[in-house]
Amino acid sequence: MQGVPSICDILVSTDDRDIANIAADMGALVPWLRPAELATDSASSVDVSLHAIDWYENYSSKVDGLLLLQPTSPFRSRITLERGITLFSANRYRPVVGVSPAKSHPMRCFKVEGETMVSFLDGGEGLRSQDLPPAYEVNGAFYLIAPEDLRNARSFYCCNMVPLVIDQPEESIDIDTEWDWKIAEAVEAARRIAGE
C-alpha cells in the first residue's frame, strides 16, 4: 500500500466484476471473484478473510498478519493504519481492533421486558454521566490479526485484543444504513471544500 511499507500486498475480495476491474487497475490483487457462498448477507467477514488468507498463503507467502479494511469505513487515515500496525508488532502480534468512544454508554442502555425498562448493566444508576468509566465500541475501521489466531478462534475478537483507539469521528464512520451514507457524503463534501 502506498505510504505504508508494512503492508506487502492488497487483496480485494469481491463478487462484483466492475469493482474487481477497478481494484486491479489500481494495483490490488484480485485473483478471483468471491465464491457465491461468501457473497451472501449471511456470510461472515471471518469466512471471507479466511478464504483470502488461505489463497494468499498457498500461492504467495506466509504473512505475520491479516489486515481487514472494510470498504464501509472509507475515512480511516494512513496514520491510523500505521498506529495499528505498530501496536500489532509491539504487542507480539496480538489482535488489534479499532474502537471509538461509545456513543451510548452501556451503563445508560436498557432493554425492554414487557412494558418495563431494565438496565443492561448494574451500577451506573447513581452516577453522573461524567463519572462513568470510559466505554468504547468497535467501529469497523481496523482489524489486524495473526492468521493462526483467526483460524483457531474464527473471530477477530480473541486472544487478549489490543484496542486501537480512534478519536476522529469521521474515521469511525461505518456505513451500514442509508443515514450512515448521508453522513459519509456530508463528510466527503466538507473535506473537498477544505481541500483535503
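Counting non-hydrogen atoms of neighbouring residues, nucleotides and ligands closer than 6.0 angstrom, the CD1 atom of I79 reaches no more than 12 such neighbours. Summarising the local packing, CH2 of W181 is surrounded by 12 or fewer heavy atoms from other residues, nucleotides or ligands at distances under 6.0 Å. Q130 CD: more than 12 foreign heavy atoms inside a 6.0 Å radius.
A donor-acceptor distance shorter than 3.5 angstrom exists from the side chain of S73 to the backbone of G140, with no hydrogens or angles considered. Of the possible polar contacts, one joining the H105 side chain to the P133 backbone as a donor-acceptor pair under 3.5 Å is found. T40 places a side-chain N or O within donor-acceptor distance of the main-chain N or O of A43, the cut-off being under 3.5 Å. Distance alone, capped at 3.5 Å, is enough to place a donor-acceptor pair between the R76 side chain and the Q70 backbone. In this structure a side-chain-to-backbone donor-acceptor pair under 3.5 Å is present from D16 to I19. Listed for the N152 side chain is a donor-acceptor partner under 3.5 Å among the backbone atoms of E148. Under a 3.5 Å cut-off, the side chain of D180 and the backbone N or O of T177 do form a donor-acceptor pair.
Identified under the salt bridge (Lys or Arg N to Asp or Glu O under 4.0 Å) test for residues 29-42, with sequence neighbours left out: none.
Tracing side-chain contacts under 4.5 Å through hydrophobic residues (I, L, V, M, F, W, Y), one reaches Y136 starting from V138; they form part of the same cluster. Linking Ile, Leu, Val, Met, Phe, Trp and Tyr whenever their side-chain heavy atoms come within less than 4.5 Å puts W32 and I53 in one cluster. Under the 4.5 Å side-chain heavy-atom criterion for ILVMFWY residues, no single connected hydrophobic cluster contains both V187 and L69. Hydrophobic cluster membership is shared by I183 and F75, with clusters built from Ile, Leu, Val, Met, Phe, Trp and Tyr side chains linked at under 4.5 angstrom. Following chains of ILVMFWY side-chain contacts shorter than 4.5 Å, one cannot reach L68 starting from V48, and the two form parts of different hydrophobic clusters.
Aromatic ring orientation, Y143 versus F156: tilted (interplanar angle from 30° to 60°).
Among all heavy-atom pairs drawn from Y93 and A146, the shortest one is O-CB, 4.1 Å. Residues A141 and I166 approach most closely at CB-CD1, 4.1 Å, considering heavy atoms. Annotation for L66 and S49: closest pair CD1-O, 3.7 Å, computed over non-hydrogen atoms. Of all the heavy atoms in V12 and A23, the pair that sits closest is CG2-CB, 3.7 Å. Smallest separation of non-hydrogen atoms from V97 and Y157: CG1-CE2, 4.0 Å. The heavy-atom pair separating P106 from F120 by the smallest distance is O-CB, 4.4 Å.
The shortest side-chain heavy-atom distance between Y56 and D9 falls under the 4.5 Å cut-off. Under the 4.5 Å side-chain criterion, counting only non-hydrogen atoms from C-beta, P95 is not in contact with L144. Looking at heavy atoms from C-beta onward, D122 lies out of side-chain contact with M107 at the 4.5 angstrom threshold. Residues I7 and I85 form a side-chain contact, since some pair of their non-hydrogen atoms from C-beta on lies under 4.5 Å apart. By the 4.5 Å heavy-atom criterion applied to side chains, K111 and M117 are not counted as neighbours. Between R154 and L150, every side-chain heavy-atom pair lies at or beyond the 4.5 Å cut-off. Counting heavy atoms from C-beta on, the side chains of D167 and P101 come closer than 4.5 Å.
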Legend entry - Audit row: V96, M161, side chain to side chain contact (heavy atoms under 4.5 Å, CB included) steps and yes/no: CA-CA 6 Å; V96 178; M161 300 177 298; over 6 Å; no
Legend entry - Evaluation steps, side chain to side chain contact (heavy atoms under 4.5 Å, CB included), between L164 and F88: CA-CA 10 Å; L164 171 62; F88 184 67; over 6 Å; no
Inset, instruction - Applying side chain to side chain contact (heavy atoms under 4.5 Å, CB included), run through C159 and I145 and close with a yes or a no. - result: CA-CA 9 Å; C159 318; I145 190 168; 5.6 Å; no
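Each of L87, T80, V99 was compared with V165 under the side chain to side chain contact (heavy atoms under 4.5 Å, CB included) criterion, and only V99 meets it.
A salt bridge links R151 to E57: at least one charged side-chain nitrogen sits closer than 4.0 Å to a carboxylate oxygen.
Separation of atoms CD (E185) and CD1 (I175) is listed at 8.5 Å; rounding is to 0.5 Å.
Legend: residues meeting side chain to side chain donor-acceptor pair (under 3.5 Å) with Q168, ordered by chain and number and at least two apart, are absent.
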